[in-house]
Amino acid sequence: MKSFQLSKLYIPFTYKMMIPYMALVLLTDVLVGYISYTMLVQSRTEMAETNIRTALEQTRNNIVYQMDEIERISSTLFSSLTFQNALQNTGEPLEMMLKMKDDIIPQMRAPLQLYGNNIRLAVYTVDEKLYEVPGDDMDKPIQRKDYYVLSVHQIENTDWFKSLQASNQDNLWIQLASDRKLENVSHFRKLVSSSGIASVIGYVRVTARFDELLGNFDTFPIDQGISLRLLNTQSGEVMYTRGLTSDQSKSSSYLSVRENIPGTPFVIETLVPHAYLNKDASRMQKVIFAVCLISFLVMVFIGYIVARLSGKKMKRIVTLVRSFQEGNFHKRIGFTGNDEFVHIANSFNQMATSIQELIKNVYVQGIQKKQAELDVLQAQISPHFLYNTLSTIGSLANLGETDKVTAMVQGLSKFYRLTLNGGNVYITLEKELEQVKTYLDIQRVKYADTFEVYYDIEPDILQTPMIKLILQPFVENIFKHAWFGKRIAIRITGRRLGDRIELKIIDTGIGMRPDTLKKMLSNTSLPVPAPAGQTDKVEEAKSDKYGLKNVEERIKLRYGTDFGIQIGSHYGAGTTVQIILPVESAEMREDAEGAWL
């Protein structure tokens, strides 16, 4: 049979499974999803960046157009001979007033009407005789188109004017006075006389708002994190900011797009957060994730179907293993073919056969040996009780106490009938107490009414099964060693503690010293040589000690090391023996049922 199986084609189990296929499909799915998402993000970023650059170019063109218009206004005034002559007029006040009305103000108002946004046009004259035309407060925001004719004395002591004079700068864009606070910018130039010797006859200042120069901000959604600012590359100053903080400008999570303004040191810069660039891609990311998830779930379903079809043999093996765990060693596995499952099945069947043989050769023999040990221990309980009782019966017979002899013989007969218990190991607590009472009845014949016994047993534990001869050895030990004085009291209690039963034998005897108690409980103490003339007493003490250890060993052998006896004693005050037993077990129920049939 073995050679026939080996001659078949060997098909490894791994090739029958679809795990490599599932792993390959899953890896492909993840790779395609990742590449798709990466390309989408890159495409969206490039598209958004193109849109931002286009919008920024439009903004640059708008501000260049606006600034050109403003420079044209100042150039018109600079090249107008009429305007120059009016500024240099030195006639009578009436004539100067007419010049102001006819030649200066009209030439200032005309370009203001043509310009689309609100601006301020100020002319600072060197001629002190000209009348001044004050407009709105220059320290307040520009609300309308306004013009001013002022004396140069109003600015000649300012820091910015002194700086311009010292640097001999002219025809430039700059923030003057309150421009920075109001987010304005001014075009400033000298007015030079073109007749005779060239001399400065005044200054022209055209002031505009940055937000109007930059135009519409709809293409720069500030609420989505996009920021716009105007920089002066010469001074490194930020002249205008919209939707931006200094911390954000240093962040690496922003895309910076710049456009230079021709003819000026100004640069328009836009900072675009990467979150804005990827906002559409995030939506597609969810779509790609959903597609990948659906694909993954489909693959899981396919894997489940494949695993179910190919895992039937494994399920049979697991079922048989669980059956073995529950103690059923009779089932076998039969597979056809020549793969790993067949080899596992053959090994499993051989193991099952070996286990059955081991159970027969080891376990059953161990049980029999355990029972034999219990029987031997049972047979050794209280041999001196029988000897002493027979000796007492012989003494009473010699004295002619026939009634007492009859009572003791009847009690002894009942005691050993209960002890034998039909050959059964277990006895109910009620029968155990009856055996103790029989023993006490025998002792009562010998000691009359010199002792009292009290019982405090919970009724619901009286039918609890237990191994026999548990209580009697401790009661017998009271009469041998605890008695002093004329009377002694004995109390036997029993109660249930959860899944355990606690039994106590309490006496009011002389008790034991700590060293005596320690020697009694010791499992390794050596026999003590008997003093001369006291060999019988020593042998009796050794027998009593052996009887107590015998009960302890029987309890642990039957129930386990969690159960047993504890002895507490105070010299001169009495002794208490505590016995802890389980409520019941499957083995106890079987033995008890056999005992009660």
Side-chain angles (χ1 to χ4, degrees), residues 64-138 142-158 160-162 164-165 167-179 184-209 212-213 263-264:
V64 169
Y65 173 78
Q66 300 266 7
M67 295 174 75
D68 287 344
E69 288 293 316
I70 291 175
E71 289 182 7
R72 232 183 327 266
I73 293 174
S74 65
S75 296
T76 300
L77 297 179
F78 177 84
S79 60
S80 175
L81 295 177
T82 304
F83 188 77
Q84 290 183 18
N85 293 331
L87 292 180
Q88 298 178 78
N89 183 31
T90 58
E92 296 296 326
L94 179 59
E95 183 182 357
M96 295 182 66
M97 182 181 295
L98 293 175
K99 285 286 184 180
M100 176 73 70
K101 180 180 178 183
D102 297 334
D103 297 332
I104 295 178
I105 293 179
Q107 291 202 46
M108 294 180 66
R109 294 181 60 181
L112 291 180
Q113 299 299 324
L114 297 176
Y115 189 76
N117 295 326
N118 295 326
I119 59 174
R120 287 172 176 165
L121 176 57
V123 175
Y124 298 93
T125 66
V126 177
D127 189 356
E128 298 179 358
K129 296 180 179 181
L130 284 176
Y131 291 98
E132 293 188 357
V133 180
D136 296 335
D137 188 354
M138 288 189 177
I142 300 174
Q143 300 294 335
R144 65 189 182 93
K145 298 174 183 179
D146 200 5
Y147 60 92
Y148 306 76
V149 178
L150 304 172
S151 173
V152 75
H153 294 298
Q154 293 190 15
I155 62 172
E156 62 182 358
N157 292 324
T158 61
W160 61 267
F161 183 77
K162 291 178 180 180
L164 291 178
Q165 291 292 96
S167 62
N168 197 27
Q169 292 179 321
D170 188 25
N171 196 17
L172 74 162
W173 288 90
I174 190 172
Q175 287 184 311
L176 305 175
S178 61
D179 286 348
N184 297 336
V185 66
S186 297
H187 180 259
F188 189 83
R189 70 178 301 171
K190 300 176 182 178
L191 292 177
V192 180
S193 175
S194 59
S195 60
I197 301 175
S199 61
V200 177
I201 60 174
Y203 300 90
V204 177
R205 175 186 176 186
V206 184
T207 304
R209 292 167 47 178
E212 292 186 349
L213 288 178
T264 68

Within this structure, what is the [atom1]-[atom2] distance for the pair [X] and [Y], rounded to the nearest 0.5 Å?
X	Y	atom1	atom2	answer
Asp102	Thr82	CG	OG1	11.0 Å
Gln88	Thr125	CD	OG1	11.0 Å
Ile104	Met97	CD1	CE	12.0 Å

Answer yes or no: is there a side-chain heavy-atom contact under 4.5 Å between [X] and [Y]?
X	Y	result
Leu77	Gln107	yes
Thr264	Leu172	no
Leu213	Ile70	yes
Leu164	Ile174	yes
Ile105	Met100	yes
Lys145	Asn117	no

Do any N or O atoms from the side chain of [X] and from the backbone of [Y] form a donor-acceptor pair under 3.5 angstrom?
X	Y	result
Gln84	Ser79	no
Ser74	Glu71	yes
Thr76	Arg72	yes
Ser186	Phe188	no
Ser178	Met138	yes

Side chain to side chain donor-acceptor pair (under 3.5 Å) against Thr158, all qualifying residues, sequence neighbours excluded: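 Side chain to side chain donor-acceptor pair (under 3.5 Å) check on Thr158 returns Trp160.
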For a quick test of reading the model, state the closest non-hydrogen atom pair linking [X] to [Y] and the distance between them.
X	Y	answer
Arg144	Ile142	O-CG2, 3.5 Å
Ile73	Pro111	CG1-CB, 3.7 Å
Met108	Tyr148	CE-O, 3.2 Å
Phe78	Lys190	CD1-O, 3.2 Å
Val123	Phe83	CG2-CZ, 3.9 Å
Asp136	Arg120	CB-NH2, 4.3 Å

Pair Arg205, Leu150 - check side chain to side chain contact (heavy atoms under 4.5 Å, CB included), show working. CA-CA 11 Å; Arg205 175 186 176 186; Leu150 304 172; over 6 Å; no
Walk me through whether Tyr203 and Phe161 qualify under ring pair (Phe, Tyr, Trp, His ring centres under 6.0 Å). CA-CA 11 Å; Tyr203 300 90; Phe161 183 77; 5.2 Å; yes
Would Met96 and Asp127 satisfy side chain to side chain contact (heavy atoms under 4.5 Å, CB included), going step by step from the backbone distance to the final call? CA-CA 11 Å; Met96 295 182 66; Asp127 189 356; 4.1 Å; yes
Do other residues, nucleotides or ligands put more than 12 heavy atoms under 6.0 Å from Tyr131 OH?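 More than 12 within 6.0 Å, yes.
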Reference residue Tyr115; test side-chain contact (heavy atoms from CB on, under 4.5 Å); the match among Asn118, Leu112, Ile119: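 For Tyr115, the side-chain contact (heavy atoms from CB on, under 4.5 Å) check succeeds only for Ile119.
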